[in-house]
Amino acid sequence: MNVRARRSELATPASNDWMFAKAAASGADLVFLDLEDACAPAEREAARAKAADGLRNLDWGRATRAIRMNGVDTRWAHGDVIEVVTHAREALDVIIVPKVRRARDVWWVDVLLTQLEQTLGLTKRIALEVLIEETEGLEHVGEIARSSPRLEAVIFGAGDFSASQGARVDTNFDPVVDYPGDMWHYARARVVVAARSAGIDAIDAPFPNYRDPEAYRAAAERAAAMGYVGKWAIHPSQIEPANQVFAPTPEEIAQAQKTVAAYREAEATGRGATGLDGMLVDAAHLRLADNITRRAELLGLSQGSPS
Ligand code: GLV
Ligand code: MG
């Protein structure tokens, strides 16, 4: 069950503990302290204790507290999980697993966590999110998305994915030529279909160009239109646009309530469809409205239900 808001997922290098307080107060739905690629390899082991201390000692407010561990094919993976979970205990909500290629990568983390939770007597289960950023991971995204009851979200990682695919992109992971359409549409579509099929969230990729908030917003809007419920923020300035774009607007919420009311009224008189403001309303519209209402409830934006 995915019950967390994750409109914005803020990345913060776990080696840079002077940045943690600002991250904790940033307004991001989820903050992850990154033990992987934002940390220099020489810093990665020392960063574990910094991350655990930061998670325990700071006030994170409503933010979900996460780390990104190193990939399961690296020498750091088991130490990341054991050290941070042992010291942070219940102050850690989510572990992001990068460069997942197969379901077995997720099982490996799941088994390790189960043993740790039992040994440490933890009172709550640590959840997982996975990054799909290897072509092999995209090939297996369906099985990966269903690989563990801990798994709450699948994230599309356009940066490493570009490298894995051998794509020729600029530093914002955009194609170096005038590519017709969205070069990453296929990958994004597969990720969101796999996530939704498994009943979990799809989260969109990082956007390195933090000086172009309009382009960030446009990318977030396109992802939201496809069914993504959030996007990474690699800079605090990207949090607010993500929080706005991935929340239903008051107009959408009001329209959803009108749709449900119209459908229920039709249903009460034995009809399966009706008209509303010159537009057909049927069971598919009810499902769409339900999506909006659920998101509004999750984000605390509900305006009361229609009578
Ligand atoms: C994220 O980790 C990416 O590679 O895009
Ligand atoms: Mg990556």
Side-chain angles (χ1 to χ4, degrees), residues 1-9 29-30 62 64 93-94 125 127-130 132 141-156 182 185-204 217-231 241-307:
M1 261 273 280
N2 45 311
V3 290
R4 297 172 216 271
R6 27 172 72 89
R7 295 166 300 177
S8 48
E9 297 202 342
D29 284 340
L30 178 148
R62 287 177 36 258
T64 294
D93 303 309
V94 168
R125 185 171 78 176
L128 295 176
E129 299 185 7
V130 292
I132 295 298
V141 66
E143 74 179 42
I144 290 168
R146 294 174 190 278
S147 59
S148 163
R150 296 179 189 272
L151 193 59
E152 295 185 354
V154 183
I155 306 155
F156 173 54
D182 174 4
H185 177 75
Y186 168 74
R188 282 200 168 93
R190 274 192 79 171
V191 166
V192 69
V193 168
R196 290 287 297 185
S197 302
I200 62 178
D201 287 341
I203 306 298
D204 195 35
R217 181 179 281 273
E221 279 169 351
R222 284 196 294 271
M226 289 181 79
Y228 281 77
V229 298
K231 185 167 176 65
N243 286 353
Q244 279 172 13
V245 167
F246 291 101
T249 62
E251 294 73 32
E252 285 173 316
I253 297 168
Q255 185 63 30
Q257 290 174 344
K258 269 174 77 176
T259 301
V260 173
Y263 186 85
R264 293 292 174 223
E265 205 181 301
E267 202 179 35
T269 60
R271 288 172 297 142
T274 186
L276 178 64
D277 302 331
M279 194 68 76
L280 173 80
V281 169
D282 69 5
H285 297 91
L286 190 70
R287 288 179 71 186
L288 288 163
D290 193 48
N291 282 343
I292 291 174
T293 309
R294 279 168 193 261
R295 295 231 19 97
E297 276 166 11
L298 175 68
L299 300 170
L301 302 171
S302 301
Q303 299 166 333
S305 43
S307 55

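Values in this document were obtained by computation on a predicted structure and should not be read as measured data. Every heavy atom of this structure was used, including side-chain atoms; hydrogens, water molecules and symmetry mates were not.
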Mind checking whether [X] and [Y] have side chains closer than 4.5 Å, heavy atoms only?
X: Lys231; Y: Val245; result: no
X: Ile155; Y: Glu9; result: yes
X: Val154; Y: Ile200; result: yes
X: His185; Y: Arg222; result: no
X: His285; Y: Leu276; result: no
X: Ile253; Y: Ile292; result: yes
X: Pro248; Y: Leu299; result: yes
X: Ile203; Y: Val229; result: yes

key: Under-4.0 Å salt bridge between Glu267 and Arg264   =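 Between Arg264 and Glu267 there is a salt bridge, with a charged N closer than 4.0 Å to a carboxylate O.
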query = Between Asp182 and Arg188, is there a side-chain N and carboxylate O pair less than 4.0 Å apart?
reply =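 So Asp182 pairs with Arg188 through a salt bridge.
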[atom1] of [X] to [atom2] of [Y]: how many Å apart, nearest 0.5 Å?
X: Arg295; Y: Phe246; atom1: CZ; atom2: CZ; result: 9.0 Å
X: Arg196; Y: Asp201; atom1: CZ; atom2: CG; result: 8.5 Å
X: Asp29; Y: Thr64; atom1: CG; atom2: OG1; result: 7.0 Å
X: Arg4; Y: Leu298; atom1: CZ; atom2: CG; result: 10.5 Å
X: Leu128; Y: Asp93; atom1: CG; atom2: CG; result: 12.0 Å
X: Thr293; Y: Leu301; atom1: OG1; atom2: CG; result: 11.5 Å

Which heavy atom of [X] sits nearest to which heavy atom of [Y], and what is that distance?
X: Val191; Y: Tyr228; answer: CB-OH, 3.4 Å
X: Pro241; Y: Arg217; answer: CA-NH2, 3.8 Å
X: Glu252; Y: Ala247; answer: OE1-O, 4.3 Å
X: Ala145; Y: Leu151; answer: O-CD2, 3.6 Å
X: Tyr263; Y: Ala283; answer: CE1-N, 3.6 Å
X: Ala266; Y: Ala273; answer: CB-O, 4.0 Å

key: Under 3.5 Å donor-acceptor, Arg146 side chain and Ser197 backbone   =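 Yes, the answer is positive, given that a donor and an acceptor are paired below the 3.5 Å cut-off.
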inquiry  = Apply side-chain hydrogen bond (donor to acceptor under 3.5 Å, both in side chains) to residues Thr269 and Arg271 and explain how you reach the verdict.
reply    = CA-CA 6 Å; Thr269 60; Arg271 288 172 297 142; 3.1 Å; yes
task = Please say whether more than 12 non-hydrogen atoms of neighbouring residues, nucleotides or ligands are located less than 6.0 Å from CD in Glu221.
result =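 Atom CD in Glu221 is packed in, count exceeds 12.
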